[in-house]
Each structure stands twice: as structure tokens, then as C-alpha cells.
*Asks:* 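Pasting a structure here, questions to come.
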Number of protein chains: 2
Amino acid sequence: MVNQEAKTPRERYRAQVRTEIKDRAWEQIATAGASALSLNAIAKQLGMSGPALYRYYAGRDELITELVRDAYRSLADAFRAASARPGADVSTLASTLRTWALEDPQRYFLIYGTPVPGYHAPDDITAIASEIMAPILDAFAGLPSSDTAAAFDAHLEEHRDWADGHPAPAAALRRALTFWTRLHGALSLELAGHFTGMGFDPARFYAAELDELTAPRGGDAM
Amino acid sequence: MVNQEAKTPRERYRAQVRTEIKDRAWEQIATAGASALSLNAIAKQLGMSGPALYRYYAGRDELITELVRDAYRSLADAFRAASARPGADVSTLASTLRTWALEDPQRYFLIYGTPVPGYHAPDDITAIASEIMAPILDAFAGLPSSDTAAAFDAHLEEHRDWADGHPAPAAALRRALTFWTRLHGALSLELAGHFTGMGFDPARFYAAELDELTAPRGGDAM
DNA sequence: TCGCGTTCGTTAGAAGTTATAACTCCACCG
DNA sequence: CGGTGGAGTTATAACTTCTAACGAACGCGA
């Protein structure tokens, strides 16, 4: 989307049709979920019939993989932009995540939802996934932390490869990890509709979870 | 499964075939996920061809709904059994949840995974869902709690319908809620494979999260 | 014990889906 | 201005869910 360096008119056209296909795919996914995505329906919407689409994507899997890649990149970009804002902190990231998720729940589930047992994401996608972790680590590395050594911190100190050379202490790593998992827990259950009918406000619960995530504790200060 | 009161031989046979169908469906779901569930394949495995299956289930949706119901009931039963064990506490429930989830990840995702946008679960299923909450509420109601009033607790006091008349204070309700969402966050990300390649032990992280869930805090004692 | 009706399983078929193969045709590049 | 490669087409195969119509078997009641 950024590098629109299309020299030949053919490449320009091809790129345009590809994004058009993805746009329709996102519409379908937003309304009916990823499992209901139909290449045929997309082709019809574009005015061309069926197999023409295979000139642009090798198949359903390749299209979905591309959408997953875009979703990851979108979230990574949102995080990067949010953390670049002056005065940005953990709370900024949290609200960015929630806003991004509510913007298109199915896009969120495309990343953090039910995985297909056989499928393994390509390397460049997992690279973007780790790119998402960086702003979170940054945010927690700058936060004052008076941790007592939780048992998990020591374990984490020996397995900090995923931090990708980030100089944060193990306690910050753990905080970044819990930031991720707890907010995912609250968010995915909300988006999946498991809170409907319970009455309380999901946004307040999310805020309460975030609050506990940032507030230092007394004894085992998290 | 419990009430095997099948009077007529026809009903006996019918019930047996229905469970046979569900067994094959579970096998397929465990290996290929719910989206790849094929009624035709199940019929072939049972030695009968295609449309015969519609005598037993009105369609794919009804079969999946039945599987979802069974999954909920299975988890509810596991929770009930675990909380009935002498010395059972919050940690017991947590390990029960994790064991149950690891036993069949796709069954877990059938409940807490990506929702189909249009679909709305029948009432009896949501009833079982609230039945799952009861043991958690019990466990936290019995735990000593020195909470300062978090803003969310007050909000929760006004929206405690979902607790279904449980006499636990709002603080316990919040703890039960966070128990659910945090463990779901850690568990679903693990099962979805988002921890693979990060190096650390998901079980230890799960234990650390549980630890913080049960340990009372200093200031705002959670 | 015998018949009749319910239910089961079958085949046929419609309307979808993904995906491949073969063919036409136009646009662009040299 | 011609040749080539890419775009889009139809036809086809192999799937899927699901409906309709038919036959056969099973069991209940007389």
C-alpha cells in the first residue's frame, strides 16, 4: 500500500485489482466472518466471472494469508503511531488496541481467533507479530517497577529471545506479556459476545484491567 | 448421555447413531477444526451415504450447535466435579480449566474462539454458560478479600444480574470475572500457537497469572 | 401372526464452492 | 507494426450442503 511504485501500466492495473479484491474480501469478512469468504462472490462483485480471480491470487489460502498479513501490519502501524505520540504510555497502547479491535472485530479474530490446525504462518508474518511486541516492551521498560522476584521472572530471564534484544529487565518482559494476554482475554471475550447479557460495561472492565496492569503493587509489585 | 431412557428399540438405535455421528464429528474437529467439518465425510465413515444423515440432524448448523452444547456441558461438569473435591479452591479450578482446554484445543475454541457474526446461541446453552460461572464465584466468595473500592466494583454492584443471585460481594464478582478473562487470555493465545517460538513455558506463565489472581495485594488488594 | 404405518436409507438433482485446463483476445513492448 | 504475454472467458472436475422422491425394512397393534 505504501510502495506504489508501479512502472508499467499492467502492473498498475494488476495492483489496483488486487487491492480491489482485498477490499471486497474485507467487506465479506466483516459481515460474515472469514470462514464464509467466497472467491466466486468477490469475482461477481468485481464484474468478472470466477476463475479470473486466480490470476491475482493462487487460491483462497493465499488471499486469506494476505489479509492476515495486512491485519498484522495494520495493528503494528497503529501501535507504532500511538507510541510515537507525545506523552504516550501503556494506557495509550491499551486504548489503541481496543479501538483497533472494535473497529473490525473479525479483523481482530483473524489474528487472535481460532487457528486452523494445519496452518503455519509464513516467516514475514511472525516477524510483524514480534514487531507488535516492541512498543509494548518500550512502554513497560520506561515504567518504574519495584518487582519482587516472581518465580516466572527467573524463568523468563532464560527465555527472552522473543524480546529481540530489548534491554528491558525480565520483570518488564513479564508485564508486557501480561499486558498482552490479559487485554486479549478481556477483549476477545467481549468481541465474541460472551459479555452480552451480563449487563456490565465491557469498556469499564477493560479500563479496570488496564488500571491493575499499570498500578504498582504493594508486596509483589507488578 | 446421562438420561439413556430409550424405550422403543427405534429410539435406542436413533440415539446410538446420533452419538456415533457426534463422535466422528469430534474427531474431524480435533484434527481439522470446526470449519472443515463435513457431513458427507461423516456419513461415509458411518457406512451410509450422504443425505441419510439429515434424518438425525437438520443440517450442519444443528450438529455444530449440539457439539457446542456438549462442550459447554463438559466444561461445566468438569468444574462441578473439581469444585466438589475436598480442598478445592481457585487453583483447582484453574488447573481443571487448563487440563480441559489442552485435552482438546478445538473443543475449547468451539466455545471461546472466533464467533460467527450472525449466530446466536440458544437459551439453554447460555444457561450452561452461566452454570460454569457458579463454581468460580463460589471459590472467590470464600476467599478472604481486603479490597479497596475499585471504580469498577461499584459499577459491578449495579450490574450483578449475571451472578444469578449469588451472595458474593462485588469484589468477589470482579475477581471471578478477571479469573475468567485472564486465564482465557493466556490459554487461548497458547492454544492458538502465539507463544510458539517465544521460548518460555506456557504452563509457568499460566501458573504465574493464577498466582497473582489468588495472592492478595498490598494496597488495592485484589 | 400378520398387516400397515412410521422411519430409515437410498438415488437423483439443484445450487453452491474451489480449482484446473484450454481457449480467445487485447494491450503493451520492442 | 507485429509478436508475446497477460487477462478474462467458458468448460469441467470434485467437492460441499441440502431437498425431493422413492423403496425397503422394521416394529407396533390388532
Side-chain angles (χ1 to χ4, degrees), chain A residues 4-29 31-68 106 110 116-119, chain B residues 4-29 31-68 106 110 116-119:
Chain A
Q4 278 284 25
E5 307 262 16
K7 305 198 170 187
T8 80
R10 280 223 147 119
E11 284 176 356
R12 285 177 62 93
Y13 179 72
R14 181 176 179 80
Q16 189 191 335
V17 174
R18 274 181 73 105
T19 66
E20 185 103 13
I21 290 172
K22 285 201 289 189
D23 288 350
R24 303 296 172 176
W26 278 121
E27 290 174 11
Q28 281 198 15
I29 284 183
T31 59
S35 61
L37 191 148
S38 159
L39 295 190
N40 247 326
I42 293 177
K44 270 184 201 167
Q45 282 183 340
L46 295 194
M48 58 189 182
S49 251
L53 230 146
Y54 286 80
R55 296 276 167 195
Y56 300 95
Y57 290 97
R60 220 184 89 109
D61 283 8
E62 191 180 294
L63 175 57
I64 289 187
T65 297
E66 182 87 8
L67 296 177
V68 171
Q106 288 296 324
L110 212 52
V116 178
Y119 183 76
Chain B
Q4 277 284 22
E5 307 263 17
K7 307 201 171 189
T8 80
R10 279 229 146 115
E11 282 176 356
R12 284 178 63 91
Y13 178 73
R14 184 177 177 79
Q16 190 191 333
V17 174
R18 275 180 74 105
T19 67
E20 186 106 12
I21 291 173
K22 285 201 290 189
D23 287 349
R24 303 296 171 177
W26 278 120
E27 291 174 10
Q28 281 197 16
I29 284 183
T31 60
S35 60
L37 190 147
S38 161
L39 295 191
N40 249 326
I42 293 178
K44 271 184 198 163
Q45 282 183 341
L46 295 195
M48 57 188 183
S49 248
L53 232 146
Y54 286 79
R55 297 276 169 196
Y56 299 95
Y57 290 97
R60 220 185 91 109
D61 283 8
E62 190 180 294
L63 175 56
I64 290 187
T65 297
E66 180 87 8
L67 296 177
V68 171
Q106 289 297 325
L110 210 55
V116 177
Y119 183 76

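In what follows, chains are A, B, ... by sequence order, proteins preceding strands, each numbered from 1. Computed from a predicted structure; not experimentally measured.
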*Asks:* Going 5' to 3' along nucleotides 3-11 of chain D, which nucleotides have protein heavy atoms under 4.0 Å from the base (write B), which only from the sugar-phosphate (write S), and which from neither (write -)?
*Replies:* --BSBBBBB
*Asks:* Could you check how far CD1 of Ile21(B) sits from C1' of dC8(C), rounded to whole Å?
*Replies:*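 Spelled out: CD1 on Ile21(B) to C1' on dC8(C) is 12 Å.
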*Asks:* Could you give the distance from CG (Leu67(B)) to CD1 (Ile29(B)), rounded to the nearest 0.5 Å?
*Replies:*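 Taking CG in Leu67(B) and CD1 in Ile29(B), the distance rounds to 4.5 Å.
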*Asks:* Rounded to the nearest 0.5 Å, what's the gap from CG on Leu53(A) to CZ on Arg60(A)? Could you check?
*Replies:*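 Between atom CG of Leu53(A) and atom CZ of Arg60(A) there are 12.5 Å.
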*Asks:* Could you walk me through whether Thr65(A) and Tyr119(A) pass the side-chain contact (heavy atoms from CB on, under 4.5 Å) check?
*Replies:* CA-CA 10 Å; Thr65(A) 297; Tyr119(A) 183 76; 3.0 Å; yes
*Asks:* For Gln16(B) and dC8(C), what is the distance between atoms CD and P respectively, to the nearest whole Å?
*Replies:*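 Interatomic distance, CD of Gln16(B) to P of dC8(C): 13 Å.
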*Asks:* Roughly how far apart are Glu20(B) CD and Tyr13(B) OH, rounded to 0.5 Å?
*Replies:*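 Reported to 0.5 Å precision, the distance equals 9.0 Å.
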*Asks:* Within this structure, what is the CZ-to-P distance between Arg12(B) and dG27(D), rounded to whole angstrom?
*Replies:*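 After rounding, the gap between these two atoms is 12 Å.
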*Asks:* With a 4.5 Å cut-off on side-chain heavy atoms, are Gln106(B) and Trp26(B) touching?
*Replies:*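 When only atoms from C-beta onward are counted, Gln106(B) and Trp26(B) do not touch, as no gap falls below 4.5 Å.
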*Asks:* Considering only nitrogen or oxygen atoms on both sides, find all protein atoms under 3.5 Å from nucleotides 13-16 of chain D and state each distance.
*Replies:*
{"unit_1": "dT16(D)", "atom_1": "OP1", "unit_2": "Ser38(B)", "atom_2": "OG", "d": "3.4"}

*Asks:* Could you check Tyr57(A) against Lys22(A) for side-chain contact (heavy atoms from CB on, under 4.5 Å), going step by step and ending with a plain yes or no?
*Replies:* CA-CA 10 Å; Tyr57(A) 290 97; Lys22(A) 285 201 289 189; 3.3 Å; yes
*Asks:* Do any side-chain atoms of residues 36-51 of chain A form donor-acceptor pairs under 3.5 angstrom with protein atoms, and if so which ones, sequence neighbours left out?
*Replies:*
{"unit_1": "Ser38(A)", "atom_1": "OG", "unit_2": "Asn40(A)", "atom_2": "N", "d": "3.4"}
{"unit_1": "Ser38(A)", "atom_1": "OG", "unit_2": "Ala41(A)", "atom_2": "N", "d": "3.0"}

*Asks:* Give a yes or no answer on whether the side chain of Arg55(B) reaches the backbone of Arg14(B) with a donor-acceptor pair at less than 3.5 Å.
*Replies:*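 Looks like no, no N/O pair under 3.5 Å.
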*Asks:* To the nearest Å, how far apart are Leu63(A) CG and dT17(C) C1'?
*Replies:*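 One finds 15 Å between C1' of dT17(C) and CG of Leu63(A), rounded.
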